[in-house]
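Note sheet for the following structure.
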Amino acid sequence: MNAMLIAEYIISKCYNDQKPVSNLKLQKMLYFLFGYYCKKYDEYLFEDDFVAWKLGPVILDVYFSFNNNISNPICESFDVDLELSSDRISFIDKKIEELQVKSTWELVEESHKTTPWINAFAKGKGHIIESFDIATYFEA
């Protein structure tokens, strides 16, 4: 699976829940969802790499696909089939619902407290945040 598919799923769910997300919030939701999914299922939700930017972890392809929205909510819905079991989709939905009620800046602040972002950003903006480091952090 790739991050764009998960991003489109998050965007659609949030839009349909009448809580559309900005690109910045989407990036943080992807990060936390990736970590929670790793912890629960002991596998990566997608294979794309996050990079460390000033405002937290970012998946570049996803960011550049939606950066024309600037900081405005992404008001779109996509037809997404995650091809996952119903229990995994339920888990993802529950985590999205938990994350969507937090403000963008709460999520940015929370992401800045995670050692995978801290360590990667210390090496310079744009440094890859290793998926293994994210998975290990969330398992703790």
Side-chain angles (χ1 to χ4, degrees):
M1 193 160 329
N2 65 46
M4 184 59 75
L5 190 64
I6 300 299
E8 289 176 350
Y9 187 83
I10 292 170
I11 291 166
S12 297
K13 174 150 180 51
C14 291
Y15 180 70
N16 293 333
D17 290 350
Q18 298 181 355
K19 294 176 180 156
V21 295
S22 66
N23 197 6
L24 179 58
K25 187 170 185 175
L26 172 64
Q27 296 297 324
K28 302 320 146 234
M29 291 177 77
L30 281 167
Y31 180 70
F32 287 109
L33 186 58
F34 182 90
Y36 296 141
Y37 190 89
C38 287
K39 179 178 181 176
K40 172 87 173 167
Y41 295 106
D42 197 30
E43 66 183 35
Y44 299 157
L45 180 56
F46 47 81
E47 295 302 319
D48 305 69
D49 290 322
F50 287 93
V51 295
W53 278 11
K54 181 180 177 182
L55 295 178
V58 171
I59 301 275
L60 293 176
D61 289 349
V62 174
Y63 174 82
F64 288 115
S65 291
F66 297 103
N67 71 334
N68 60 330
N69 290 288
I70 310 169
S71 61
N72 297 314
I74 304 167
C75 296
E76 294 183 58
S77 189
F78 301 91
D79 185 21
V80 179
D81 182 5
L82 294 183
E83 297 182 10
L84 293 171
S85 65
S86 61
D87 66 311
R88 289 180 186 228
I89 290 174
S90 293
F91 175 80
I92 289 169
D93 284 347
K94 180 179 176 229
K95 290 302 178 186
I96 291 171
E97 289 163 8
E98 290 172 8
L99 293 166
Q100 72 185 186
V101 297
K102 295 184 179 192
S103 78
T104 300
W105 298 108
E106 284 176 291
L107 294 175
V108 168
E109 189 175 305
E110 285 180 32
S111 73
H112 283 189
K113 294 176 183 175
T114 65
T115 52
W117 177 82
I118 292 168
N119 293 339
F121 193 70
K123 295 175 186 174
K125 178 185 173 188
H127 192 81
I128 290 176
I129 305 171
E130 299 294 334
S131 294
F132 177 80
D133 293 341
I134 299 168
T136 302
Y137 174 81
F138 277 86
E139 286 176 2

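- Once rounded to the nearest 0.5 Å, the distance linking CG of Asn23 with CD1 of Ile70 reads 11.0 Å.
- Leu33 and Tyr15 are assigned to two separate hydrophobic clusters, defined by single-linkage of ILVMFWY side chains at heavy-atom distances under 4.5 Å.
- Two residues are said to be in side-chain contact when any heavy atoms from C-beta on lie closer than 4.5 Å; Asn2 and Glu47 fail this criterion.
- Two residues are said to be in side-chain contact when any heavy atoms from C-beta on lie closer than 4.5 Å; Leu82 and Ile6 meet this criterion.
- Between Phe66 and Glu76 there is a side-chain heavy-atom pair separated by less than 4.5 Å.
- Between Lys54 and Lys125 there is no side-chain heavy-atom pair separated by less than 4.5 Å.
- Between the CG atom of Leu60 and the CD atom of Gln27 there is a distance of 8.0 Å, given to the nearest 0.5 Å.
- Annotation for Asp87: atom CG counts as buried by contact number, over 12 foreign heavy atoms lying within 6.0 Å.
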Donor-acceptor contacts under 3.5 Å from residues 7-14 side chains, at least two apart:
residue, atom, partner, partner atom, Å
Tyr9, OH, Asp93, OD1, 2.6
Tyr9, OH, Asp93, OD2, 3.4
Ser12, OG, Glu8, O, 2.9
Ser12, OG, Phe78, N, 2.6
Ser12, OG, Phe78, O, 3.3
Lys13, NZ, Asp17, OD2, 2.9
Lys13, NZ, Glu97, OE2, 2.8

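- Side-chain heavy atoms closer than 4.5 Å link hydrophobic residues (I, L, V, M, F, W, Y) into clusters, and following such links, even through other members, never connects Trp105 to Val58.
- Residues Leu26 and Val21 are in side-chain contact: their nearest non-hydrogen atoms beyond the backbone lie under 4.5 Å apart.
- Going from atom NZ of Lys94 over to atom OH of Tyr36 covers 10.5 Å, rounded to the nearest 0.5 Å.
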### Query
Is there a side chain to side chain contact (heavy atoms under 4.5 Å, CB included) between Glu139 and Asp42 once you walk through the steps?
CA-CA 9 Å; Glu139 286 176 2; Asp42 197 30; 3.7 Å; yes
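- Val51 and Phe34 fall into different hydrophobic clusters, where Ile, Leu, Val, Met, Phe, Trp and Tyr side chains are chained together by heavy-atom contacts under 4.5 Å.
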### Task
Report the C-alpha separation of Asp133 and Thr115 in whole Å, then their side-chain angles, then the decisive distance to 0.1 Å, and conclude whether the side chain to side chain contact (heavy atoms under 4.5 Å, CB included) test is met.
CA-CA 8 Å; Asp133 293 341; Thr115 52; over 6 Å; no
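- In the displayed structure, Lys40 atom NZ is contacted under 6.0 Å by at most 12 heavy atoms of other residues, nucleotides or ligands.
- Ring to ring, Tyr63 and Trp53 are close: their centroids are under 6.0 angstrom apart.
- Within a 6.0 Å radius of CZ in Phe132, other residues, nucleotides and ligands contribute 12 heavy atoms or fewer.
- Note: the hydrophobic cluster containing Tyr37 also contains Phe46 (ILVMFWY, side chain heavy atoms under 4.5 Å, direct or indirect links).
- To the nearest 0.5 Å, atom OG of residue Ser111 and atom CG of residue Leu24 are 8.5 Å apart.
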#### Entry: Step-by-step side chain to side chain contact (heavy atoms under 4.5 Å, CB included) determination, Leu99 to Lys25
CA-CA 9 Å; Leu99 293 166; Lys25 187 170 185 175; over 6 Å; no
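- Between Lys102 and Lys28, the closest side-chain pair of non-hydrogen atoms is not below 4.5 Å.
- To the nearest 0.5 angstrom, Ile74 atom CD1 is 5.0 Å from Asn69 atom CG.
- Distance check, rounded to the nearest 0.5 Å: OG of Ser90 to CZ of Arg88 gives 12.0 Å.
- Residues Val62 and Leu30 are in side-chain contact: their nearest non-hydrogen atoms beyond the backbone lie under 4.5 Å apart.
- Note on Trp117: it does not cluster hydrophobically with Val108, by side-chain heavy-atom contacts below 4.5 Å among ILVMFWY residues.
- Using a 4.5 Å cut-off on side-chain heavy atoms (C-beta onward), Asp49 and Ser131 make contact.
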### Step-by-step side chain to side chain contact (heavy atoms under 4.5 Å, CB included) determination, Cys38 to Ile134
CA-CA 8 Å; Cys38 287; Ile134 299 168; 5.6 Å; no
